[in-house]
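Letters A, B, ... are given to chains in the order of the sequence lines, protein chains preceding strands, and every chain is numbered from 1.
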Amino acid sequence: MATTSPSQQLLEKIVSLAKRRGFIFQSSEIYGGLNGCWDYGPLGVEMLRNLKEAWWRAMISRGDIEGLDASILMHPRVWEASGHVQNFSDPMVDCRECKSRYRVDHLFSEMSEKRLKAISKAANLESALSHTLVMESKDLTKEQLAEVLTSMVEKSSTLFAELVAKELIACPNCGRVGMLTEPRNFNLMFETYIGPVKDAANAVYLRPETAQGIFVNFMNVWQSARQKIPFGICQIGKSFRNEINTKNFLFRTREFEQMEMQFFCKRGMDEHLFESWRETRWNWWLALGMPEHKLRFHPHEKLAHYAKAAGDIEFEFPFGFGEIEGIHNRTDFDLTRHQEFSGKSMQVLDDETKEKYTPYVIETAAGASRGFMAFLCNGYKEETVNGEQRTVLRLHPFLAPIKVAVLPLVNKDGMPELAQSLERDLRKTMRSFYDDSGAVGRRYRRMDEIGTPFAVTIDSDTLHDQTVTIRERDSMQQVRIAMGQVKSYIAERITL
RNA sequence: GCGGGAGUAACUCAGUUGGUAGAGUCACAGCCUUCCAAGCUGUUGGUCGCGGGUUCGAGUCCCGUCUCCCGCUCCA
C-alpha cells in the first residue's frame, strides 16, 4: 500500500468528487483513458462557462478591450516568427548510467568555463565562429560559449556524440563520462496536416498559445474596432502543448484553455501598465472568492526570449503553489517579429508627435482549466456539523454550476407540485434543480457537495401564506421570504 | 523518459495456499419523514484497466501494455 500524504489524499478526494458528481471525467475513459486529457461533465462545463464569463465581462466591460476568437490552426510562419519553432523544442539527452535526463543547453550553462573552453576546442568552435561572427572564442563570456555550443549541437547530428565519445561531457548526477545519449528533439508543439495528404509541406501546428492569434490580428482589430492606443484584445480558447509529462489532474495537461489579453500601448507606458495589470488581475481572483493567503505573486528571474518583465499569480494547490496566470511585458517583440516575417507594417501613428511606432504589449494569460481546478480545490471543505460530517464546495455563487435547489419539505399536501412549479419558473433565468428524494437534510448535503449556494424549501406554511425558507450553503442559516421574492432574492446574490 | 505505488460496481474498498465475484455508499422505483446525509422494501449496475502466457481452472502467478498518483527530469 502506498503511503499517501494528506495533500495527496485531498486531491484524490477532489478528483473522486469531480467524477462522482459530473464535474470532470477522464477522457476516453472506457478505452483506458488518454494521458493528460480530461472532459468536463454537466456541472463542470457550467462552472467553467461561469469562470470564463466572469473573465470575459471583466475584460469587455472596461470599454478599452475588444474580443477575438482566432482560429486554432494558423499559418506555420506564425510560429517561426513567434520563436516557438526554435525555442519550443529542446534537445535533451539521457544518462545511460543513472537514467537522468538533461536539456543540452542546461548542461552547457552549468559547466565551468575551463570545461567549456576545452569543449570549444574539440568542437572546432573557432572555424564555426569564423564564418558567422567576427568574435573569437576568447572574447566570449561563459554564457555566450554555452549558447554557441548549444546551437552548434542543435545544428549537427553527430557533434554531441563526438564530444561524449571524447569523454568531455560528464553526467552531472552520477559523474560518469561518456554515458550520455545523442540529443533528441522534444517538440512541444502538436503537428498536423492541412488537406488529406500527409506531407511535410502541408504541416501546421495546433497553437501552443492563443496570444499569436491576437498579434497577427492586431491591425485588423485596431482599424475595425476604432480603438485608440492604449487598448487591449482578449480571447478565450484552447491551446495545445505536447508536454513530456502530464501531471496533477487538470494542472498540467496537453490540451488546455486559456484566457488571454494583450494590451497594446506606447513604449514608456509599459512598465506602469505591467504593474497596473498585475494588480487588476490579482484583484479579479480575489473578487471571485480566492483568499489572499492562498495566492502569491512570483516574479520571474529568468525571462523568456520575448519578455522584459514577467511574473505569475500562483495558487496554493494541494501539491504546492502553481501558476494560474502569467503577466508579461512582451515589449514590441511579437509585433516586430511579425512585421519582419510577414513584411506587413505593425506600426501605428502617434497623433501628437506624428511619429510611427510599434506598440509594446502587456500580456495577461490566465489558465481557464487551471483556474477551474484552483476554485475546485479552494472550495472543497470537509466540516463537522452537529457531529455529522458534511462535504461542501464553497464556490462563489457566480461560479456555482447550480444556483438554487427547490425542495418540498415532504412529499405530500401539494408541496411537490408547488415546488416543481417554482423550480420551472426559476429555471428560465438561472440554473436550478428540483429534488424530492429522501430526507430534506440529505438533499441539503447533496447540494452542498456540488456548491449550490441556495436551497428553497416549500413547507406547510407555504401552503397557507406563500412564504418559503431560503437556506444559505456556507452558514446553513435560513430566512423566510415571500415566494414571489425568491427570484430577485437569489438573482441579487449570484452576481459578481 | 527513469524509479516507486496503485488499478475489482458510478464512488470507497474487501476478496485466504489459484476453485465460476462481495460489502458499504451512491443512483433509480416506492414507503416513511414537518428542516440538515445513519429508517424500510425492491432494482439497476462488474468480461476484476487492457492483451498475452502458465494451469483442468487466474481477480489471485508470469510477461507486455495503458491510465492515475508520488519522486526525478521537464515546464520557450
Side-chain angles (χ1 to χ4, degrees), chain A residues 1-5 7-9 11-13 15-22 25-38 41 79 82-90 92-103 105-106 172-173 181 184 186-189 208-209 241-249 251-252 300 302-307 310 312 318-319 322-323 328 383 385-392 407-413 415 436-449 455 457-463 468-469 471 473 476-478 480:
Chain A
M1 197 55 203
T3 52
T4 51
S5 67
S7 65
Q8 202 174 322
Q9 286 170 17
L11 187 58
E12 281 170 12
K13 283 192 215 172
V15 174
S16 168
L17 171 71
K19 181 180 181 187
R20 185 158 38 88
R21 292 305 185 190
F25 308 123
Q26 195 183 2
S27 167
S28 320
E29 193 185 16
I30 61 169
Y31 289 102
L34 184 64
N35 182 285
C37 294
W38 303 88
W79 307 109
S82 70
H84 283 84
V85 169
Q86 196 190 352
N87 293 320
F88 225 61
S89 73
D90 302 307
M92 313 254 272
V93 295
D94 295 306
C95 175
R96 292 191 182 91
E97 183 70 19
C98 68
K99 309 296 183 193
S100 301
R101 170 174 292 173
Y102 307 97
R103 268 172 57 175
D105 57 332
H106 287 184
N173 182 45
T181 61
R184 283 185 295 172
F186 282 71
N187 194 330
L188 295 185
M189 282 197 290
E209 62 175 23
R241 294 182 190 182
N242 207 349
E243 300 284 356
I244 298 169
N245 272 343
T246 60
K247 214 175 154 85
N248 292 329
F249 197 34
F251 186 77
R252 165 141 309 175
H300 286 190
K302 276 186 72 178
L303 296 173
H305 60 274
Y306 53 75
D312 299 332
F319 55 81
E323 177 192 352
H328 298 119
E383 301 175 347
V385 179
N386 298 329
E388 297 286 345
Q389 196 185 318
R390 78 158 180 161
T391 302
V392 55
L407 321 168
L409 187 57
V410 290
N411 288 322
K412 58 183 183 187
D413 301 336
M415 289 183 207
D436 63 12
S437 73
V440 73
R442 180 190 293 272
R443 287 177 264 157
Y444 286 145
R445 298 297 168 84
R446 266 201 291 254
M447 286 297 128
D448 289 342
E449 202 176 38
T457 303
I458 306 294
D459 57 21
S460 54
D461 287 350
T462 314
L463 302 176
V468 297
T469 60
R471 178 249 195 200
R473 178 193 66 207
M476 294 183 284
Q477 297 297 305
Q478 288 180 302
R480 184 167 280 279

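Looking at A:R252, its side chain never comes within 3.5 Å of a backbone N or O of A:G36 through a donor-acceptor pair. Checking side-chain atoms of A:R241 against main-chain N and O of A:L188 turns up no donor-acceptor pair under 3.5 Å. Between the side chain of A:D413 and the backbone N or O of A:S460 there is no donor-acceptor pair closer than 3.5 Å.
Atoms OG1 and CD, on A:T457 and A:Q478 in that order, are 6.0 Å from each other to the nearest 0.5 Å. In this structure, A:E383 CD and A:T391 OG1 are separated by 9.0 Å, a value rounded to the nearest 0.5 Å. Distance check, rounded to the nearest 0.5 Å: CZ of A:R442 to CG of A:L407 gives 13.5 Å. Atom CE of residue A:M415 and atom CG of residue A:D436 lie 12.5 Å apart, to the nearest 0.5 angstrom. The CG atom of A:L409 lies 8.0 Å from the OG1 atom of A:T469; values are rounded to the nearest 0.5 Å.
Contact annotation for A:S460: base contact, defined as any heavy-atom pair under 4.0 Å involving a base atom. The residue A:E209 sits close to a base: some heavy atom pair falls under 4.0 Å. Contacts of A:S82 with the nucleic acid, taken as non-hydrogen atoms under 4.0 Å apart, are absent. Among the heavy atoms of the strands, none lies under 4.0 Å from A:D312.
When rounded to the nearest whole Å, the span between CG of A:L407 and C1' of B:A37 equals 13 Å. Put simply, CZ on A:F319 is 8 Å from P on B:C70, counting in whole angstrom units. At whole-Å resolution of the value, CG in A:D459 and P in B:U33 are 16 Å apart. Distance, A:E449 CD to B:C36 P: 19 Å, rounded to whole Å. Taking atom CG on A:D448 and atom C1' on B:A37, their separation rounds to 10 Å, with Å as the unit. Summarising the geometry, the separation between CZ on A:R443 and C1' on B:C35 is reported as 9 Å, rounded to the nearest angstrom. With rounding to whole Å, A:D436 atom CG is found 16 Å from B:A37 atom C1'. Atom CD1 in A:I458 sits roughly 20 Å away from atom P in B:U33 (whole-Å rounding).
Look at the C1' atom in both B:G15 and B:G19: the space between them is 14 Å, to the nearest Å. One C1' atom belongs to B:C70, the other to B:C28, and the distance between them is 38 Å to the nearest Å. Comparing B:C13 with B:U17, their C1' atoms are spaced 23 Å from each other, to the whole Å. Between B:A23 and B:G5, the distance separating the two P atoms is 31 Å to the nearest Å. Taking the P atom of each, B:C31 and B:G59 are spaced 42 Å apart, rounded to whole Å. Taking atom P on both B:U12 and B:G7, the two are 12 Å apart, rounded to the nearest angstrom. The separation of B:C11 from B:C26, taken at their C1' atoms, amounts to 7 Å, rounded to a whole angstrom. With both ends at atom P, the span from B:A10 to B:A27 equals 15 Å, rounded to whole Å.
In this entry B:C56 has B:G19 as its Watson-Crick or G-U wobble partner, both defining distances falling under 3.5 Å. The base-pairing partner of B:G51, taking Watson-Crick or G-U wobble contacts with both distances under 3.5 Å, is B:C63. Both distances falling under 3.5 Å, in either a Watson-Crick or a G-U wobble arrangement, occur for no nucleotide opposite B:C36. In this structure, B:C72 forms a base pair with B:G1, meeting either the Watson-Crick or the G-U wobble geometry with both donor-acceptor distances under 3.5 Å. As the counterpart of B:U44, no nucleotide is assigned, since no Watson-Crick or G-U wobble pattern has both distances under 3.5 Å.
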N/O contacts under 3.5 Å, protein versus nucleotides 25-30 of chain B?
residue : atom : partner : partner atom : Å
B:C26   : OP1  : A:R442  : NH1          : 2.4
B:A27   : OP1  : A:R446  : NH1          : 2.6
B:A27   : OP2  : A:R446  : NH1          : 3.4

Under 3.5 Å between N/O atoms: give me all the protein pairs with nucleotides 66-68 of chain B, atom names plus distance.
residue : atom : partner : partner atom : Å
B:U67   : OP1  : A:N35   : N            : 3.4
B:U67   : O4'  : A:G32   : O            : 3.0
B:U67   : O3'  : A:Q26   : NE2          : 2.9
B:U67   : O2'  : A:Q26   : OE1          : 3.4
B:U67   : O2'  : A:Q26   : NE2          : 2.8
B:C68   : OP1  : A:G36   : N            : 2.7
B:C68   : OP2  : A:N35   : ND2          : 2.8

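Remark: A:K247 is not in phosphate contact with B:C74, judged by side-chain N or O atoms under 4.0 Å from OP1 or OP2.
If you check B:C11, B:U33, B:A37 against the side chain of A:N411, the one that comes closest is B:U33. For A:T469, the side-chain atoms get nearest to B:C35 when compared with the rest of B:C70, B:C35, B:A37.
Take the nearest nucleotide of RNA chain B for A:E29 and for A:R445: the residue whose nucleotide is more 5' is A:E29. Along RNA chain B, the nucleotide nearest A:Q478 and the nucleotide nearest A:S16 are compared for position; the residue whose nucleotide lies closer to the 5' end is A:S16.
Put simply, the side chain of A:V392 does not reach to within 4.5 Å of the side chain of A:M476, judged on heavy atoms. Under the 4.5 Å side-chain criterion, counting only non-hydrogen atoms from C-beta, A:R21 is in contact with A:R446.
A:F25 and A:K19 get closest at one heavy-atom pair: CE2-O, 3.5 Å.
Checked by distance alone, A:R471 brings no side-chain donor or acceptor within 3.5 Å of a matching partner on the base of B:C35.
Under the salt bridge (Lys or Arg N to Asp or Glu O under 4.0 Å) criterion, A:R471 pairs with A:D448, not counting sequence neighbours.
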